[in-house]
Structure formats: structure tokens, C-alpha cells
Amino acid sequence: MKKILVVDDEQSIVTLLEFNLQKAGFAVIKAGDGPTAVKMAEAENPDLIILDIMLPGMDGMEVCKTLRMEKMNTPILMLTAKDEEFDKILGLELGADDYMTKPFSPREVVARVKAILRRSGHQEQESGAGQQEQTITIGKLVIYPEKYEVFFDGKRLELTPKEFELLQYMASHPGRVMTRDQLLNAVWNYDFVGDSRIVDVHISHLREKIEEDTRQPKYIKTVRGLGYKLEG
């Protein structure tokens, strides 16, 4: 059973999410402030974290940043009562995998959780199937899909789940130009309300990790007016 850590200081929201997540077959653990959320994430190793931004003690942005600095790549779904694009993009830049704006539909939250977990669960099944290990190699980049590992020039990269899935998908289609909408559909598995900025943020993160000069990328290239492509 997948374990979800719900972090919010509003008890009514926690109760609502707990009821719907448990109904959908998830185990739920809870935290009401930032410091407790960090401790529980480290101790309980949840499969996904639903994280409110406005928290006492340490806000959700700082919690997300702290967990990513500690190399914890657990998927994070952020909740925010703010509508400004800046807040959403900042959360993604700090390492969140997705966000939702309050008020929200509990059914949609469950759908988002399932979408985020779907690919990682698929990878776990493949890893335990005893299949021969396969790799994807492009230049200095080596991807091990079954292990969820990426090496660049012999050094292992620390990627979030969505960064890994985006890189793996592009590497599986080398040289192919992909629009932002195509990448959203392939990697996020649902309609992201037309907000293709999430793709740009993750592309930027990947470039910082694999490009010697992000201003003149050799691997992930922008095709003006179309999208992106991955080359060796």
C-alpha cells in the first residue's frame, strides 16, 4: 500500500484529504507544520508528499528545498491558496513535481496523486521482474531505466522523479523534436490546464545538471517555435 504524507495546518483540509486518499486505497500519515513534515518525511519515507505552502514553523517552499538538499527525491504535490504564477513556478523550481490551487476537488487531488505515482510504480514492477538490464546511452549520458539512475560522464546525477521521467522520455526519442504539450502528455499523464511552463522549468533543471554551458546546450536543445529535442 502506497503511503502519502499530508502536510497542512488546516485540520478540515487534512481530514478531507485523509478520507478521500484512504478511500482510494492509500495509507495516510499527517503533519501540521514544516519542521514536523521534514522529520516525518525522513523517518517514514512516504511514496508521495502533499505539501501546503503556508505552514507554521517552516513554510512549504522551505520544506521542499530542505528535502531536495538532503537528496530526498520523493514526489511532492504542492497546495497553494495563491494564484500568482510566481508562486507556482517557484515551487517547481525548488523541486516540487506538481501543484494545485485551493480550493480544489478531492477527486482531482487523488487523480493527480495516482498520475504522479503511476510511472514510479511501473518502474518498480519492471525492476522486480528479473528482466535483463537495459541502458540508454547518448554521448556522456547513460540512463538505467529499471534502476531509475542516470550517470553523466561517469558521475551519478541526483534527479527528481519528474526530471528523470522527462529525460528518459526524450532520450528514448533522440533527435526528435517534441512540443511542450507532447511532453506534458507523455510525462505528466494528464492535461496540465495548458500550463506548459512546467516543462520549461524541468528542462532548465536538467540543463543545469548535464550541460557544461546552459546558454549553449549540447544535449537538450530548443527548437524555436516548436519545443525541445535531445541530441548527443
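No donor-acceptor pair under 3.5 Å is formed between the side chain of Arg180 and the backbone N or O of Ile198. A donor-acceptor distance shorter than 3.5 angstrom exists from the side chain of Thr66 to the backbone of Glu62, with no hydrogens or angles considered. Looking only at distances, a side-chain donor or acceptor of Glu211 sits under 3.5 Å from a matching main-chain atom of Tyr219. Judged by distance alone, with hydrogens and angles left aside, the side-chain atoms of Asn73 form a donor-acceptor pair with the main-chain N or O of Leu159 at under 3.5 Å. The main-chain N or O of Gln11 is found under 3.5 Å from a side-chain atom of Thr15 such that the two form a donor-acceptor pair.
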Applying side-chain hydrogen bond (donor to acceptor under 3.5 Å, both in side chains) to Tyr148 and Glu165, what does each step give before you reach the verdict? CA-CA 9 Å; Tyr148 246 57; Glu165 291 163 14; 2.8 Å; yes
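Residue Gln182 holds its CD atom at 9.5 Å from NE2 of His173, rounded to the nearest 0.5 Å. In this structure, CG on Leu230 lies 9.5 Å from CD1 on Ile136, to the nearest 0.5 angstrom. Atom-to-atom distance recorded for Phe152:CZ and Leu206:CG is 12.0 Å, nearest 0.5 angstrom. With values rounded to the nearest 0.5 angstrom, Thr74 atom OG1 is found 10.5 Å from Glu42 atom CD. Interatomic distance, Met58 CE to Asp33 CG, rounded to the nearest 0.5 Å: 9.0 Å.
Minimum interatomic distance between Phe26 and Lys114 (heavy atoms only, all atoms of both residues): CZ-CG, 4.0 Å. Smallest separation of non-hydrogen atoms from Thr36 and Ala31: CG2-CB, 3.9 Å. Closest non-hydrogen pair, Thr135 versus Pro145, comes out as CA-CD, 4.3 Å. For Asp9 against Gly32, the heavy-atom pair with the smallest separation is CB-O, 3.4 Å. Across all their heavy atoms, Glu231 and Gly175 have their closest contact at CG-CA, 4.3 Å. Here the closest heavy-atom approach between residue Pro75 and residue Pro161 is recorded as CG-CG, 3.8 Å.
Note on Val201 and Phe164: same hydrophobic cluster, where clusters join Ile, Leu, Val, Met, Phe, Trp and Tyr whose side-chain heavy atoms are under 4.5 Å apart, directly or indirectly.
Arg107 has its side chain out of reach of Asn20: every pair of non-hydrogen atoms, C-beta onward, lies at least 4.5 Å apart.
Heavy atoms of other residues, nucleotides or ligands lying less than 6.0 angstrom from NZ of Lys3 number more than 12. At most 12 non-hydrogen atoms from other residues, nucleotides or ligands lie less than 6.0 angstrom from CD of Glu212.
For Lys155 and Asp153, the salt-bridge test fails: no basic side-chain N is under 4.0 Å from an acidic carboxylate O. A salt bridge links Asp52 to Lys102: one of the charged nitrogens lies within less than 4.0 Å of a carboxylate oxygen. Ion pairing between a basic and an acidic side chain is recognised when a charged N comes within 4.0 Å of a carboxylate O; Arg68 and Asp97 show such pairing.
For the side chain to side chain contact (heavy atoms under 4.5 Å, CB included) with Leu21, the qualifying choice from Leu48, Leu16, Ile4 is Ile4, the only one to do so. Of the residues listed (Lys209, His202, Gln168), the one engaging Glu163 in a side-chain hydrogen bond (donor to acceptor under 3.5 Å, both in side chains) is Lys209, and it is the only one.
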